[in-house]
2 protein chains.
Amino acid sequence: MSSVRSPKKSPSTPGPADTTPPAGELVDTGFLRTLVGYNTRRAALSIIAVFMDRMAVYDLKVVDFSVLSLVEHNPGITSRQLCATLSVLPPNMVGLIAALERRGLIERRPHPSDGRAMGVHLTPAGVELTAQAAQTAAQLEEDATNRLTAAERKTLIRLLQKVYD
Amino acid sequence: MSSVRSPKKSPSTPGPADTTPPAGELVDTGFLRTLVGYNTRRAALSIIAVFMDRMAVYDLKVVDFSVLSLVEHNPGITSRQLCATLSVLPPNMVGLIAALERRGLIERRPHPSDGRAMGVHLTPAGVELTAQAAQTAAQLEEDATNRLTAAERKTLIRLLQKVYD
DNA sequence: TATTGTTATACTCTATAACTATA
DNA sequence: TATAGTTATAGAGTATAACAATA
């Protein structure tokens, strides 16, 4: 893990037929694959690709689905709380919420105790769409990780949470 | 895993003091945390944040480090192979390679058997920097995942590879 | 003075079309 | 014709600064 293999020969003298070009299409990714960061990013991109594909029918991106789910389980949640939970900066949340509101999926009402804030709620249409999307998400997850057993999936989630919690 | 909890009550009748606003700062992320995709993305962002911070001294981004590592272990690798391996589109690889070449870390030589392609190689300076960066990466990985035991880290990598391989 | 939500704006990342040189 | 590398450009994602209204 700590040792870095030294290159077979110094490329300081660029001879004509010096190093073997990668035969065919095989690329050695051995070192990168020892890194948790590399593997985590690759897996995330893999799952997100499936997610985006399946959620296209609802016209929902990953962050849209996250917002709807959080609003569903936290009715009256503020924009600021959504930003903090999803690591989205406030200026970038504005257009996001505005678009969902324009689509009639959420609505904002004055916060009962803080005059500056607006509480976000799902509309009936938003409840409907979120329920459908959540079901699609659950199914998609099974498909995107179908090489894992249920026990492995549970273990994977537990270890990932140990990383970022 | 497969069942989606139904919302506690339909918010179709927006009464005045209907739903409890999220008390204090607590947000219920329970549902999102059941999703492999959500947890994987969160963990990836967490590790990448540490990565970017520690690699700033080398002025290397994640993709820069990946390119240097692949070139180190695959001398003469082509731009196209780098693109395929790292999921970077060819037009976006151009500036990336050009910048590393301008910094004197890599050099491109005509491919011995394909007149269209250019083989990428590390320069001595590139070998030096890549070795240092790889050591920093290994250390950083330990720190970013220090809540995992060595065995857990190994298991995590194995499960992640089962997802995207 | 600090915070919520907002506008404007800039920077980065990613994606598409089209061209050239070679296979 | 197909592929490697490239240019130009568009779009999405992410970033900072500054402001009004409220705490």
Q.
Between the base of dT4(C) and the side chain of Arg80(A), is there a donor and acceptor pair under 3.5 angstrom?
A. no
Note to self: Given the structure, check if the side chain of Asn92(A) and the base of dA15(D) hold any donor-acceptor pair shorter than 3.5 Å.
What the structure shows: yes
Measure from [atom1] on [X] to [atom2] on [N] and round the result to the nearest Å.
{"X": "Gln81(A)", "N": "dT3(C)", "atom1": "CD", "atom2": "C1'", "answer": "13 Å"}
{"X": "Asp64(B)", "N": "dC13(C)", "atom1": "CG", "atom2": "C1'", "answer": "13 Å"}
{"X": "His111(A)", "N": "dG5(C)", "atom1": "NE2", "atom2": "P", "answer": "9 Å"}
{"X": "Leu82(A)", "N": "dT6(C)", "atom1": "CG", "atom2": "P", "answer": "12 Å"}
{"X": "Ile48(A)", "N": "dC13(C)", "atom1": "CD1", "atom2": "C1'", "answer": "14 Å"}
{"X": "Ile97(A)", "N": "dG5(C)", "atom1": "CD1", "atom2": "P", "answer": "8 Å"}
{"X": "Leu89(A)", "N": "dA18(D)", "atom1": "CG", "atom2": "P", "answer": "16 Å"}
{"X": "Leu45(A)", "N": "dG13(D)", "atom1": "CG", "atom2": "P", "answer": "14 Å"}

message: Students often get this wrong, so: under 4.0 angstrom with heavy atoms, is Met93(B) touching a base, only sugar-phosphate, or nothing?
response: nothing
Between [options], which one does the side chain of [X] approach most closely?
{"X": "Arg116(A)", "options": "dG13(D), dT6(D), dA23(D)", "answer": "dA23(D)"}
{"X": "Pro91(B)", "options": "dA8(D), dT16(D), dG5(D)", "answer": "dA8(D)"}
{"X": "Pro90(B)", "options": "dT6(D), dG5(D), dG5(C)", "answer": "dT6(D)"}

Checklist entry - Below 4.0 angstrom, N of the basic side chain to O of the carboxylate: do Asp165(B) and Arg33(A) qualify? => result yes
Result for 5'-nearest mapping on DNA chain C, choosing between Val94(A) and Asp114(A), is Asp114(A)
Notebook entry, point to check: Where the side chain of Glu141(A) meets the backbone of Gly37(B), is there a donor-acceptor pair that is under 3.5 Å apart?
Noted result: yes
Check: For the side chain of Asn39(A) and the backbone of Gln161(B), is there at least one donor-acceptor N/O pair under 3.5 Å apart?
Finding: no
To the nearest 0.5 Å, atom CD of Gln81(B) lies from atom CE of Met93(B) at 11.0 Å
Between Val88(A) and Gly115(A), whichever has its closest DNA chain D nucleotide further toward 5' is Val88(A)
Within the 6.0 Å centroid threshold, strictly below: Phe51(B) and Phe65(B): yes
